[in-house]
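To find a chain, count down the sequence lines: A is the first, B the second, and so on, and within it residues start at 1. Hydrogens, waters and symmetry mates are skipped; everything else that's a heavy atom, side chains included, is used.
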There are 6 protein chains.
Amino acid sequence: MEVISNYTRTKVLMDALPYLQKYNDKIVVVKYGGNAMTNEALKEAVMSDIVLLGAVGIKVVLVHGGGPEINTMLDRVGIESKFVNGLRYTDADTMEVVQMVLAGKVNKQLVQNIQTHGGKALGLCGIDGEMIVAEKLDGESDLGYVGEIKRVSTRPIIDALNSGFVPVISTVATSEQGDTYNINADTAAARIASCLRAENLILMTDIAGLLEDKNDESTLIKQVNVSEVAYLKKKGIISGGMIPKIDCCVEAVRRGVKKTSIIDGRVPHSILIELLSSEGVGTQFI
Amino acid sequence: MEVISNYTRTKVLMDALPYLQKYNDKIVVVKYGGNAMTNEALKEAVMSDIVLLGAVGIKVVLVHGGGPEINTMLDRVGIESKFVNGLRYTDADTMEVVQMVLAGKVNKQLVQNIQTHGGKALGLCGIDGEMIVAEKLDGESDLGYVGEIKRVSTRPIIDALNSGFVPVISTVATSEQGDTYNINADTAAARIASCLRAENLILMTDIAGLLEDKNDESTLIKQVNVSEVAYLKKKGIISGGMIPKIDCCVEAVRRGVKKTSIIDGRVPHSILIELLSSEGVGTQFI
Amino acid sequence: MEVISNYTRTKVLMDALPYLQKYNDKIVVVKYGGNAMTNEALKEAVMSDIVLLGAVGIKVVLVHGGGPEINTMLDRVGIESKFVNGLRYTDADTMEVVQMVLAGKVNKQLVQNIQTHGGKALGLCGIDGEMIVAEKLDGESDLGYVGEIKRVSTRPIIDALNSGFVPVISTVATSEQGDTYNINADTAAARIASCLRAENLILMTDIAGLLEDKNDESTLIKQVNVSEVAYLKKKGIISGGMIPKIDCCVEAVRRGVKKTSIIDGRVPHSILIELLSSEGVGTQFI
Amino acid sequence: MEVISNYTRTKVLMDALPYLQKYNDKIVVVKYGGNAMTNEALKEAVMSDIVLLGAVGIKVVLVHGGGPEINTMLDRVGIESKFVNGLRYTDADTMEVVQMVLAGKVNKQLVQNIQTHGGKALGLCGIDGEMIVAEKLDGESDLGYVGEIKRVSTRPIIDALNSGFVPVISTVATSEQGDTYNINADTAAARIASCLRAENLILMTDIAGLLEDKNDESTLIKQVNVSEVAYLKKKGIISGGMIPKIDCCVEAVRRGVKKTSIIDGRVPHSILIELLSSEGVGTQFI
Amino acid sequence: MEVISNYTRTKVLMDALPYLQKYNDKIVVVKYGGNAMTNEALKEAVMSDIVLLGAVGIKVVLVHGGGPEINTMLDRVGIESKFVNGLRYTDADTMEVVQMVLAGKVNKQLVQNIQTHGGKALGLCGIDGEMIVAEKLDGESDLGYVGEIKRVSTRPIIDALNSGFVPVISTVATSEQGDTYNINADTAAARIASCLRAENLILMTDIAGLLEDKNDESTLIKQVNVSEVAYLKKKGIISGGMIPKIDCCVEAVRRGVKKTSIIDGRVPHSILIELLSSEGVGTQFI
Amino acid sequence: MEVISNYTRTKVLMDALPYLQKYNDKIVVVKYGGNAMTNEALKEAVMSDIVLLGAVGIKVVLVHGGGPEINTMLDRVGIESKFVNGLRYTDADTMEVVQMVLAGKVNKQLVQNIQTHGGKALGLCGIDGEMIVAEKLDGESDLGYVGEIKRVSTRPIIDALNSGFVPVISTVATSEQGDTYNINADTAAARIASCLRAENLILMTDIAGLLEDKNDESTLIKQVNVSEVAYLKKKGIISGGMIPKIDCCVEAVRRGVKKTSIIDGRVPHSILIELLSSEGVGTQFI
């Protein structure tokens, strides 16, 4: 085991000081998903990052997706996925399983993980306190119970933060008629971040960030002004699956979030590096 | 449809006045289960009762069990129940399903039901904010992940009540090591009620109440002083499945709950009748 | 005595739910006068209505006139009423008696009545805390100490409401020079309601409401938009003694009161029926 | 007109400093009655004293009797006073007049006087908010509606003080059954002072204070320890009408009032001299 | 020793009433300097004035210069004063002594003086909490560490006032780089007064006020509207050392201070006379 | 320059986590003196440590001595030190210089240093708000203005902490008569720590800690229970100048401080290492 000298220890802490001052008592929304959710060691690192951020006075809100657990459970109960124009269709039975897995399993496990690392957490979903009210997504094809957000009520989140809890949020929403809708977690995180006037929105992904040449990680673009996004799309640098993620970033910044970051969730402690060092581990949108 | 005269309307409201004054701004914990949970009409009545109690200034906390939904899901995923000395054994796989169904399905449905009736609700389980910390039940036989309560933290419940939400609570608990335990819902409700210094604890059952002659509902005992319970057990009037329920009532009263009631959940609006009329619909323990 | 079934009881309460939700924690100003003040049974009903509204979380402010008590006392002390162009002239001696009867007798009796019905009340007049500052009414003829309101200070009312008291208000006012003026109770109630941003102003009268044909109660107009009032005056439907009352309603709505109602004080519990049922018992102005 | 030098002005203010510091933000209860109430110049002085005390941060509570106004009104309405063993009997008709005059006339005039001197005041009686709950006085002879205090609720007084009002209190009380009782104003002031943990209770009288020789004002006793009162009664120095007044003082000190003073209300500004100078104008009980 | 009659005492207090009402709970900033600081009797009078103002509910902020103490200490440590175009040059060594004497000696003595007179005080300088941030004065000649104010943070002052302390402020400031600058005390007092939205700024001087004829104190101008200042300068009535002082007054009034006064610090208790009597002892700018 | 890997960075932060959680929102009193005060690099390290502790939510109170600055100034003004039985005698002239240097120079420099490192600080001494009231030390020989603490008022410290300032405290005190006394800084820090119910008191010294063999730093005793101190004195392990320091530690622990530490101020960032790592850099007393 490496021995870290007191010199190094204090140097690291001192290097973190300007960031500690910047984020003190500020809200940071983290969208948690991908490898960081399935790889056990990465997951442990994320949990301890979140607890540490809380311990130094940063108010973290954790928004999570469901990862492979949803598919596993759909398999176990024998629900087959239907597809419409290549997109998964969420029927009532599927929605029921999605809700159970997200709000009943993944959410509570995350709460428990934060708590075994010494933090305090409270698990909520968009149904609670009508936190996320959605309506049927009005897209080209009918995707069933896939919703888009009509309004967000931050009261349950604020209450949790004020009592010192990390709010852990599953992105299932309620409609005004009392139906449940599944909401894309990136979109929900972006919307929640802007309603909370968050200092930062962090989207954890399985890529290094936005690359000039998508096959060369050394071409990482460290910072993008949201006004440049249209041009980057036109040039094809922003393309494919990156488009909706980056649209979330742009939307969040436009609605008042100071900064959004797409970070590499495959790097251990990437949240900590992103927030508390001069390095950063992905692409920032400002 | 019956026409109710204004005379009758005002008479009913006036009759409710002393109870409205008594319970105003007080906490009432309702353990919800049994027929009232499976029969759709009864369920609707319970939901509207709870919303009405909130609208007249009573702070309701809803603690729920899982009813038949747990068994249905265990069946669907092919988990067979094991029994130890006639008691169900909760292994890790079963516990996972119990948690998902309680905290992810039943809990969120109840939140949604309250909200479609015009109320505001927030769904929580014992894991959230370490609200219920349990340890393995130390009984005669090993029942797996069946727990007994070590301590209760009411902060998340108080926060919810202060923000005007009905806290809806699933009785899965966390251990200090981060394992999940299933907790008997009556016991959890009693413990929560005493920690909240509740005015009243209401246990919804599928019986008329405590009967002198268990075959004759006309022999209903309307009120029991907790000091008489030992004698009633000795005489065999309290026996069988009633024993643990009534033990919860006694425990709650001894720890500071003003009154506990075992009410007949098969009667529509039994909560309302119990709280807001001179009638009562079961047996009160004081 | 009629036996009311539990079914009916719960039905009545459920029917009241939307109104309980609507008025919860809102301010309702009631102008109390006429038959409802002199008939003992009606008075009892009003008092219990007010206590019940308080018990379900509605903030009631009671503004009262003096009814026949003023004339009785003027007779007893041998003051004869003078009239100017058919209107009563209030000289200094009369004003002294009016003040004594309103603020010292009627007001305190109402406070006591509310309290014997289980409520909490606090009696105030416009002199207290310079709540109502008036100046001499600038009308066609000199009416002596009849005043018009210059400004209202709601602080004493707000304090009373915050401490859970029903403020009971006599409409005698002070001038800036320290003289006392008599204020029309309808006008004062309307002005207080608008300063309090009340949800509702209720004027109790001895008529059924606004009638298309004033001899036929079946022609009751249930709702009037304040923009229609000019037309209704022109048509003669609003005429005579109704004019100043309805002008108060219009004024209150224009200054921010959500709704004002002229209700039939001769109907027992008319306040309750007006506020907590779909029926209503008079004419609403919105 | 005398010209006062700046030297004298500052000397007076400086002499007042220790008393201003002592009473700052403290509660002083003043029982107002006698000559100071009937003599217009004395009355003006009392009103301005009270406003000044408020302006320097002392919380004054004014408790008043009715003076000759009650008799005048009883005469006007033709009620003859009955006497029982030399004590006035208060029948229901008399009580009604007493209440009207005290709570409707004298009380509101005092409020108005304080306000025309630039202060803020709120008039209340013992009925308001069940501030003074009384029962029939259990004495040797039946005196009708003369009551003794069962309990005092200070909430309305505290609310008024917190909003910067001088509470002006008429000593009519309510019984638990809703009857009105007349309460001796000295007794009520003493009881209110002890419930408020007042710093000082001042009883205004028409005598110089307690005299060793009742015919010689130069024999004024400036300070009495309440433990000496029994001896002073035995010696006859405390006798006659002084006994109940001094019993009030003793009772108040025993129940936690720091100091009570019997002051000479015939001296202009006697309250100010008593509170803000080293002189004092009567007898202090500690 | 003069005997002051109770009549005179109450007259003085009554004369002070309108001023007590006007300044109650308001902030008054006093710039303390000149004779009032060196003459022991005058100093005592100022200290007791400040304590008295606090005792009657006025929030005093004391801003002080250093008087002759700075020169004495410069002499003791052998620092000779340099002059640039007739103005004293403050080099680093001088600044160090100025800071020590102001913040370490004069400031703490004033705190102690207020406290021995029965008040509560807290000594601060412009460095504390970055209360006064300055930069090098950009004048005709380089005066070394003489600064001009860039911004004022009132938080430490507000905290002290809220805890009942008289803030005593030395006018040394910090630059953003952490250098110390000396600030003219009149200027600092004016700026602090405007940032605190003070009711009054009082500058203590060694002159009678603004005189029409500077050799005749009977030509004192009692009140000047700030719009007249330009004209008075042109006429030569405002000239010499008066110019910067009066510029401070004008600036303070323009930035929101209600009134500023140049008072004669040679008159004992001039602060008290200025604030609590109709006389005034200097010239007011409004 | 050493490059620190992200791995090391996150490891250091993670190692600090349990300490961050332990001290979050807790008060730590640091007695600052010795080499750490005179060596510029050590001083910089202390300042940045304090700012970092504030940034992670620890409430630091800095109590300081004067170091060599006092002697330098005494020399400059030509005051010779007198000694009584080998102890320095503090006459009035010396006390004046001590106060000026501590409260006017050292204190304000520390405030400025903290602020240039990005923190917020407020400089106070024991005179301010009568924070430290002392009386003449009652020892064997008369030491002049050397005091012992009679009482401590924490209000100014609490106010500063609540506003986010680091309170920086010079240990000059006031007597009740308004004289100034010099207080030993270790003693003052210990007393302030116990009055604040601090989590930790840290005394910075110029030694490695308590050593079994005072010539061998490898014999450092890491932790001592205060009950063992008597025995360690008897054995001579605690001796000489260590005795009063360790007595302060014992006293502080006995009066409620959770832990006190004597740390080696010659080690850079020793405060940070002591508080945020498992290492520690001296001897802890519990």
**Report entry** Residue C/Val51 versus chain B: region with a heavy atom under 4.5 Å
**Finding:** both

Report summary line: When the 4.5 angstrom heavy-atom criterion is applied to C/Ile58 and chain B, the contacting part is neither

Report summary line: If you tally heavy-atom pairs under 4.5 Å between each of C/Pro18, C/Gly119, C/Ala55, C/Gly54 and chain B, the highest tally belongs to C/Ala55

Query raised in the report: So which of C/Val267, C/Asp15, C/Leu20, C/Thr10 has the biggest tally of heavy-atom pairs under 4.5 Å with chain B?
Result: C/Thr10

Report summary line: Applying a strict 4.5 Å limit to non-hydrogen atoms, the region of B/Asp25 in contact with chain C is neither

Query raised in the report: In Å and rounded to the nearest 0.5 Å, what is the CZ to OG1 distance from C/Arg9 to B/Thr8?
Result: 9.5 Å

**Report entry** Distance (rounded to the nearest 0.5 Å) between C/Leu17 CG and B/Leu52 CG
**Finding:** 5.0 Å

Query raised in the report: Would you say C/His269 and B/Leu13 make side-chain contact, with heavy atoms under 4.5 Å?
Result: no

Query raised in the report: Would you call B/Leu272 and C/Met14 a side-chain contact if the rule is heavy atoms closer than 4.5 Å?
Result: yes

Requested in this report: Taking atom NZ of C/Lys259 as the centre, report whether more than 12 heavy atoms of other residues, nucleotides or ligands fall under 6.0 Å from it.
Outcome: yes

Query raised in the report: Around C/Lys214, counting heavy atoms of other residues, nucleotides and ligands shown, do more than 12 lie under 6.0 Å from its NZ?
Result: no

Query raised in the report: With chain C, which of B/Val281, B/Leu276, B/Asn6 has the greatest number of heavy-atom pairs at distances under 4.5 Å?
Result: B/Asn6

